[in-house]
Amino acid sequence: MTESNKKLAAIFKNIAASYRFLGGENPFRAIAYDKASRSIASLPEDISVYISNGTTEDIPGVGESMAEDIQEFAAKGTVPRFERLKSKVPIDLLELMDISGFGPQSLKTIYTKLHLQTKDEIVDALKDGTIARLYGFGAKKVETMMRGLKLHKTIENRMLLWEALEVGNKIVTAFEKLPFVQKAALAGSLRRGRETIGDIDVLVAVLDKDRKKVADHFTKQDVAARILVKGDTKVSILLKDLKRQADLRIVTPDEWGSALQYFTGSKEHNIHLRTKARDMGFKVSEYGVFEIQSGRRVGGATEKEVYNLLGMQLMPAEMREDKGEIGLAAMHRIPKLVELSDIKGDLQMHSTWSDGIKTLEEIASYVIQNFPYDYIAMTDHSKASRIAKGMDEEGFLRQIKAIRELNSKLGKNFIKSGAEVDVLADGSLDLSEEVLSQLDWVTASIHSGLRSNNTDRLIKACESPWVHCIGHPTGRLIGRREPYPVDFKRLLEAAKETGTALEVNAQPNRMDLNDELARQAREAGVMLVISTDSHSPENFSYMKIGVTVARRAWCTADNILNTRSWNEIEKFIRNKQKTMKVHA
DNA sequence: GCCGTTTTCGGCCCGACTGTTTTCAGTCG
Ligand SMILES: Nc1nc2c(ncn2[C@H]2C[C@H](O)[C@@H](COP(=O)(O)OP(=O)(O)OP(=O)(O)O)O2)c(=O)[nH]1
Ligand SMILES: [Mg+2]
Ligand SMILES: [Mg+2]
Ligand SMILES: [Zn+2]
């Protein structure tokens with residue numbers, strides 16, 4: 001998200017919070033600003049682009065009056081509407097609405113009855129019992145609020161998809177072992193495959209009589225630290241080590257489809273779907289699809305049934321972000337997304353020749369045993385990456401020879417010799433043309449100058465005939481390092497023109513390109529490569545979440561180079577060399 | 001405040017759980 005978009009989304013969110021706080025006649029105005037805030041936060045372009053194109057009102061949820069807000073924001077950096085609201089609401093309290101247990105009504109009561117203006121004052125009043133004595137409050141409410149405050153810091157930092165999958169899969173597997181559990185599955189952002197995850201959402205189907213048993217299993221697992229809520233259909237716990245929430249929904253088998261649809265989300269997708277259903281005379285909830293007229297339940301056993309009843313195709317969970325998939329489904333034009341089983345090889349990994357922990361032999365035998373791949377590319381670091389023990393030209397020449405020997409022992413050309421060559425400060429490459437031209441597969445990556453605008457460096461790398469792919473193109477590390485500034489439009493043009501692929505790096509904290517940029521690459525007709533950048537054997541499994549990123553970008557197998565045979569990849573390479581007028 | 005192959009006005013997704021509310025508001029998914 002760009003800085004301006006971040007700022008504007010935050011202001012809109014605060015406007016929404018202010019309207020909620022003020023309460024009064026129309027709660028929908030707050031909802032509208034909240035929706036617009038989320039809409040702006042997920043915009044593919046900087047807000048300035050919409051302003052100069054005069055397309056701000058095309059942003060979903062933005063109308064005439066918000067377009068004016070945005071104009072003012074562009075001119076002055078502030079929104080007058082919010083400046084005016086600041087005199088009516090205690091702005092320091094608005095951010096507290098993100099904390100579990102702190103709703104607009106609670107904060108308003110605390111503010112009007114006790115005249116508290118800051119978080120610290122509220123904390124003191126929670127501790128000394130002042131708030132507990134307020135009308136409508138009590139010991140339990142204060143306890144929830146205190147817990148919310150304590151957990152808020154960890155909750156703000158979302159989990160990585162991979163970490164969350166490991167925890168979630170364990171919980172699901174444990175459920176599947178229980179004889180009375182008919183079905184169990186991950187739901188929420190975990191099933192949609194977002195790169196970061198807020199909580200673990202799990203759905204189970206049991207017979208009505210087994211509800212309590214399954215709820216008890218959930219709250220008594222050894223990973224459960226405490227129970228947050230517990231009812232017949234819904235249980236939430238706090239997980240021990242992670243200090244995060246896990247939500248369980250319990251339904252009967254005939255409700256499975258509608259419940260999974262609901263619990264998978266996203267929230268925006270659900271609201272859009274339910275609104276459309278209503279227009280068609282149906283009501284959709286987690287319990288099924290109902291005819292509004294008769295109240296009759298017409299389906300909900302499977303997700304497919306839910307969507308089909310509304311005249312839509314079933315779509316993959318990864319697409320359900322309300323980014324146009326509902327329209328596509330209604331037109332029966334949902335693409336066939338790339339799958340893990342389409343992947344024919346892995347094109348970035350490191351061995352003991354640089355900073356990997358396994359030898360060439362160990363890697364080859366591990367991959368051959370565990371993956372149905374036709375090829376892998378060994379892409380050790382080049383010398384500029386000193387911390388990663390990068391090799392010089394001579395090292396690569398020796399490795400080429402070692403790989404040739406190993407392949408002949410394997411009886412097939414399984415390992416391709418390659419490099420993850422550093423792009424130097426001036427955009428030149430860290431290895432000589434003589435060596436680069438002997439490598440089967442070259443990925444060029446930036447590992448230095450991570451704050452500067454790197455557009456020109458990357459474009460220059462694309463223009464080298466020996467570079468086949470740009471590695472982790474934005475350099476971001478989730479939660480640790482922002483992407484370096486890149487004019488992505490220009491990079492896409494260069495990649496397209498030169499026939500260079502862009503990587504979707506599947507390391508859990510990279511996921512680089514991310515879903516949105518991968519989508520832009522696909523739309524621009526730029527080829528993508530999904531690779532694990534493995535440094536150890538377990539890393540090869542990251543391919544799954546790399547594919548998830550591509551699916552969230554609505555990619556088909558055609559968009560991903562390493563769904564193709566090596567012969568076809570060689571065609572891709574020759575094609576680039578033809579374009580760049582090099583004759584091998 | 002936004003929005004429309006039914007609408008330019010009148011709706012806005014739909015439901016579960018908790019607490020002190022004595023009949024349901026507030027908060028959350
Ligand atoms: N219809 C409807 N469904 C909702 C609403 N809020 C949440 N859901 C559904 C869709 C969500 O994906 C699912 C799980 O809720 P979460 O709060 O855990 O959100 P989600 O997992 O999407 O994101 P997260 O990573 O947890 O922040 O419940 C809502 O207001 N209306
Ligand atoms: Mg969730
Ligand atoms: Mg949840
Ligand atoms: Zn490395």
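Protein chains get the first letters and strands the later ones, always in sequence-line order, with residue 1 at the start of each.
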_Once you apply a heavy-atom cut-off of 4.0 Å, does A/I99 come out as touching a base, just sugar-phosphate, or nothing?_
sugar-phosphate
*A/R20 CZ - B/dA25 C1' separation (whole Å)*: 15 Å
*Map A/N270 and A/V235 onto DNA chain B by nearest heavy atom, then report which one ends up closer to the 5' terminus.*
A/N270
*Roughly how many Å is it from CG in A/D247 to P in B/dG15, rounded to a whole number?*
19 Å
*Is a donor-acceptor contact shorter than 3.5 angstrom present between the side chain of A/N26 and the base of B/dG1?*
yes
*Could you state the CD-P distance from A/E64 to B/dC2, rounded to the nearest angstrom?*
8 Å
_Both A/K230 and A/G101 contact DNA chain B. Which one's nearest nucleotide lies toward the 5' end?_
A/K230
_From the set B/dT18, B/dT27, B/dG29, return the single nucleotide nearest to any side-chain atom of A/P104._
B/dT27
*asked:* Rounding to an integer number of Å, can you tell me how far A/F28 CZ sits from B/dC12 P?
replied: 6 Å
*Tell me what A/K35 touches on the nucleic acid: a base, only sugar-phosphate, or nothing, going by heavy atoms under 4.0 Å.*
nothing
*asked:* Students often mix this up, so state it plainly: with edges at 30° and 60°, are the rings of A/Y33 and A/F12 parallel, tilted or perpendicular?
replied: perpendicular
_Plane angle bin for A/Y542 and A/W162 - parallel if under 30°, tilted between 30 and 60°, otherwise perpendicular_ = perpendicular
*Quick one: the side chain of A/Y287 and the base of B/dG15, do they pair up donor-acceptor inside 3.5 Å?*
no
*Using a heavy-atom cut-off of under 4.0 Å over every strand shown, decide if A/S106 touches base, sugar-phosphate, or nothing.*
sugar-phosphate
*Rounded to the nearest Å, what distance is computed from the CZ atom of residue A/F102 to the P atom of nucleotide B/dT18?*
20 Å
*Roughly how far apart are A/L190 CG and A/T196 OG1, rounded to 0.5 Å?*
11.0 Å
